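Only one structure is covered here, and it is reproduced in the block below.
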Amino acid sequence: MSTATSNQQAGPAGALGKRRPLGDRLFQILALAAGLLVLAILILIAVTTSQQASSWFSAEGLSGVFSTAWNPSTNKFGALGFVYGTAISSLIAIIIAVPLSLGIALLLTEVVPRRWSRPIVYLIDLLAVVPSVVWGLWGILVLAPWLQKIYTSIGNGVKGTPVLGSLFGPPVSGASFFTAGLILAFMITPIITSLSREVIATVPVIDREGAYALGATRWEMIRGAVWPHSQAGIVGSILLGLGRAMGETIAAALVIGSSVQITSHLFAPGDSMPAVIANEFGEASGTFRAALIGLGVLLFALTIIINIIARSVVARSTRRSRGA
Amino acid sequence: MATTPQQPAVDLREPASWRRTKNQIMTVLMVLAMLLILVPLVFVLYTVISKGAGIISGQFLTASIPPNVLPASIGGMGPAVVGTLEITGLATLMAVPLGVLGAIYLNEYGKNNLLSRFIGFFADVMTGVPSIVMGLFIFSIWTLHFGFNGVGGAFALACLMLPVVIRSSQQMLSLVPDPLREASYALGSTRSRVTLTVVLPTAIGGIVSGALLAVARAAGETAPLLFTILTVTTTNTDVFNGANTALPAQIFANASSPYTGAQARAWGAALTLIVIAFILLVVARFITARFTKVGR
Amino acid sequence: MEPTPEPNVVAERQARAAARPQDTRPQDGAESYGSGTTIFDANGISIYYGSFRAVTDVKLSIYENEITAFIGPSGCGKTTVLRSLNRMNDLVVGARVEGDVRYRGTPLYGKDVSPIAVRRKIGMVFQKPNPFPKSIYDNIAYGPRINGIRNKKRLDEIVEKSLIQAALWDEVKHRLKASALGLSGGQAQRLCIARTLAVEPDVVLMDEPCSALDPIATSAIEDLMKEIKSQYTIVIVTHNMQQATRVSDRTAFFSVLRNEESDTRTGVLVEYGQTQQIFEDPHDPRTQAYVTGRMG
């Protein structure tokens, strides 16, 4: 049982005295420095990007930053439209990805025998390893044109009807909020699935047996024994997926339509924070560039907060499950 | 009464059918979820392979990048291949040793103390930082001062890889059983020696496998490169000077082009990327299966 | 609209309980303590996990309203046999039962038999108390709810009745909505018993129910067992021989049979009879060695 802290040596101190060899001490310092690098980088990111974006903040002020007026040619840089686009596309992604991910996670943990779960896990890994830019390429060249036809027929079908019309009615475009959300869903499913699986795996076997012993079907066992243990952790993994969806840049940049607007029409083109940064940065300078970096700061802040909440929730849930 | 009295036959058949039906519906839904997610995967892979295979060749992988308007038969993605190899390679050289060292601190020195739990927690949080933010960060801190070059791109990718390598390596180190360490301590080794000669070699399979997966992710990243290497079309073997290019960056540039030649080259580059990532994935799994002595 | 909870079974059991003499400990020479009905009849069953034969050729009968104890050293298969009585072994991949085991005359592993229906009639209490992470009320109500009972008043009645039967009502009646995870070990186990009784089973199987509890909690559970045996049939696996003598009417002694040539081992039933006889006058030398403490 090695419970030695970083200040003690678990091994003998050396017959010649209490001092540790210099090499050993250096190694420890090196290792510690590498670990601290994580914290250093996070702090640096926050500091340097805010600095670069400061001219935007000072030019627009708080109300300007969150206005909807975005017009580089007249030096207006309100971010709300992009925040909206990020929110909507991520929300669509979550709504699509969560049932899929949970279904697969439960399938792997409860239904499929251990032997057959490996190929399915490999497939999920394969899904995860497809680069964002390839999703984007396929999205804009293949999926978007195909979806455009579908959107058009749905749009014409619901045109004029109260709720559906404003959600799915025209104008429609292949590259749109919904297309972006769909592709984002494919991209975040692997992470939600794998994290949910980890959480569900911490449910004690005897709890499952207890439910079965009462004459429960498998689904009833899942609802009674698995769900209460893992619900917090699953919520955490969903939040992580949300964070990932918000930050995914290239796929969104290619298929979201690049025309910023706040509209309820999900099949209409829009824009999101990472997408506009990726698309416009090359040509931007001065306040424009500062604004784009500022959007990056916003994105950083949002994803950090979501990730902190998500990781805490997951950690607490697995800790409690194991302890119970 | 010792004899068994006549008892009514016990009904042990199916419970109420609605319970069985609900159970079956749920199972069907779960299977459906899996099939549904396979649809886009198969679709994407099929498209990339069918559109990209036609253009891939030795020439494609080495020839220079022509202007977008030229047809697919001319030129290739040579500079991008070189760029990807250089930049990702450099990033790996930076991120993996630092990541493993960090993991060593977390698992061997810090054990469960407050600092290492803090670092570990924020390493997890850092894996969620969007890659574009990393790109902006390196832009602010490096590119503005030292210009567009491959090394900037490598820094950005390394920042993405670092937390992933730390966490996966830490997990592998934690699977090494303590008795191995104790045996080495009992022979008079210092902690650094124990770590380097006993713990690391035992966990090396899993560590390498985790690192390969991080490399696979980094090779496909576009956003961090956009602001740091400034996608050009010429080969640049000097990572420290001058703009560079890489496969993902080229794909991004070509994807919005209306020219079929450019698009075809993009598919070719996409296939190349997927093949690279796939090979890394397979090798990683292979190493896990054959060379991990602990866990898994 | 909830389905009626099989009134004929409930009425039957109440009629049987009413017709029974109160003193259930044997006068000398009495052959059975209950109505003499055979609940389980195992006719030479062998249980396999894959190719490993865990128990071989077990022949015994369990009688109604008796407490039957399975005793024996570790690894002799007593838990395996117990779990085969409510088909919990089905949950293990590769487990199978060869031979005929009947429950009230109906083959347990017959073609049309649903394990879910089996487990409702034959309940199980586990070694380590396993309350669900829900409220005390919801733990008890879980079983009735999945069987379709939704009416709040009925559920309240069932919860109260089960907790009274499990001798837990007074301690928790004012905090039914509190989390069950806050209960002490002994209380949690009584909760699990109440939860099992809530679905109105016929048989209660207990797998070393007291091994994780302190002596006071153990004695409470033992008293509980003796209280409820007039309405249920109980089979208990126990490592504690004194417990077997305290509560059980019949005892089955299992042991490990080693095959020196093939270097395999399997569990076998050595001797089965009335508890008094097993402990005071064992017929088999292995039984004698075990109960006198020379083995196991």
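Given the structure is predicted, the values throughout are model-derived calculations rather than measurements. Lettering follows sequence order; numbering is per chain, from 1.
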- Note on the structure: Whatever's closer than 4.5 Å to a heavy atom in chain B on A:Ala97 counts as neither

- Under 4.5 Å from a heavy atom of chain B, the part of A:Ile308 involved: both

- Can you check whether A:Phe186 reaches B:Val44 side chain to side chain, under 4.5 Å on heavy atoms? no

- Does a side-chain heavy-atom distance below 4.5 Å link A:Leu126 with B:Leu45? yes

- Note on the structure: Given A:Leu30, A:Leu44, A:Leu295, A:Val111, the one with more heavy-atom pairs under 4.5 angstrom with chain B than any other is A:Leu44

- Query: Do A:Asn279 and B:Phe252 touch side chain to side chain, with heavy atoms closer than 4.5 Å?
  - Reply: yes

- Item | Portion of A:Thr249 that has a non-hydrogen atom of chain B nearer than 4.5 angstrom | side chain

- Query: Nearest heavy-atom pair of B:Leu273 and A:Pro131: which atoms, and what distance?
  - Reply: CD1-CG, 4.1 Å

- Evaluate the side-chain proximity of B:Ile25 to A:Trp219: yes if any heavy-atom separation is below 4.5 Å, no if none is. no

- Between B:Phe139 and chain A, which part of the residue has a heavy atom less than 4.5 Å away: side chain, backbone, both or neither? side chain

- Item | Toward chain B, the part of A:Arg289 with a non-hydrogen atom under 4.5 Å | side chain

- Considering only heavy atoms, which portion of A:Ser101 lies under 4.5 Å from any heavy atom of chain B: side chain, backbone, both, or neither? neither

- Message: Taking side chain as everything from C-beta outward and backbone as N, CA, C, O, which of these in A:Leu127 sits under 4.5 Å from a heavy atom of chain B? Side chain, backbone, both or neither.
- Response: both

- Pick one of side chain, backbone, both or neither for B:Met34, based on which atoms fall under 4.5 Å of a heavy atom in chain A. both

- Let me know if A:Ile140 has heavy atoms under 4.5 Å from chain B in its side chain, its backbone, both or neither. side chain

- Message: Counting heavy-atom pairs under 4.5 Å with chain B, which one of A:Val112, A:Thr48, A:Leu106, A:Leu182 comes out on top?
- Response: A:Thr48

- Task: Would you mind checking which part of A:Thr189 comes under 4.5 Å of any heavy atom in chain B, side chain (CB onward), backbone (N, CA, C, O), both or neither?
- Result: side chain

- Item | Per-residue contact mode, B:Val125 against chain A (heavy atom under 4.5 angstrom) | both

- Message: Please rank B:Leu115, B:Leu247, B:Leu196, B:Asn254 by heavy-atom pairs under 4.5 Å with chain A and give me the top one.
- Response: B:Leu196

- Item | Residue B:Pro248 versus chain A: region with a heavy atom under 4.5 Å | both

- Query: A:Ile222 versus chain B, heavy atoms under 4.5 Å apart: side chain, backbone, both or neither?
  - Reply: side chain

- Message: Quick check: B:Phe137 with A:Phe300 (ring centres under 6.0 Å apart)?
- Response: no

- Below 4.5 Å from any heavy atom of chain A, which atoms of B:Leu136 appear? Answer side chain, backbone, both or neither. both

- Part of A:Ile120 within contact of chain B (heavy atom distance under 4.5 Å): side chain

- Task: Provide the closest heavy-atom pair for B:Ala270 versus A:Val134 in the form atom of the first, atom of the second, distance.
- Result: CB-CG2, 3.9 Å

- Message: Quick check on B:Phe118: does its CZ atom have over 12 non-hydrogen neighbours (other residues, nucleotides or ligands) under 6.0 Å away?
- Response: no

- Message: Can you confirm whether B:Leu213 sits close enough to A:Asp125 that some side-chain heavy atom of one is under 4.5 Å from a side-chain heavy atom of the other?
- Response: no

- Query: Going from CD on A:Glu220 to CZ on B:Arg19, what distance comes out if it is rounded to the nearest 0.5 angstrom?
  - Reply: 4.0 Å

- Item | Closest contact, heavy atoms only, A:Ala34 versus B:Leu101 | CB-CB, 3.7 Å

- What part of B:Leu41 is in contact with chain A, defined as an atom under 4.5 angstrom from a non-hydrogen atom: side chain, backbone, both or neither? both

- Query: Do A:Gln28 and B:Thr195 come within less than 4.5 Å of each other through their side chains, counting heavy atoms only?
  - Reply: no

- Structural part of A:Leu36 lying under 4.5 Å from a heavy atom of chain B: both

- Message: What part of A:Val142 gets within 4.5 angstrom of chain B, counting heavy atoms only: side chain, backbone, both, or neither?
- Response: side chain

- Query: Where on A:Ile45 is there a heavy atom nearer than 4.5 Å to chain B: the side chain, the backbone, both, or neither?
  - Reply: both

- Proximal component of B:Leu144, with respect to chain A [non-hydrogen, under 4.5 Å]: side chain

- Whether over 12 other heavy atoms sit under 6.0 Å from B:Arg117 CZ: yes

- Message: Quick check on B:Val194 against chain A: is it the side chain, the backbone, both or neither that has a heavy atom closer than 4.5 Å?
- Response: neither

- Where on B:Ile141 is there a heavy atom nearer than 4.5 Å to chain A: the side chain, the backbone, both, or neither? side chain

- Part of B:Leu106 within contact of chain A (heavy atom distance under 4.5 Å): neither

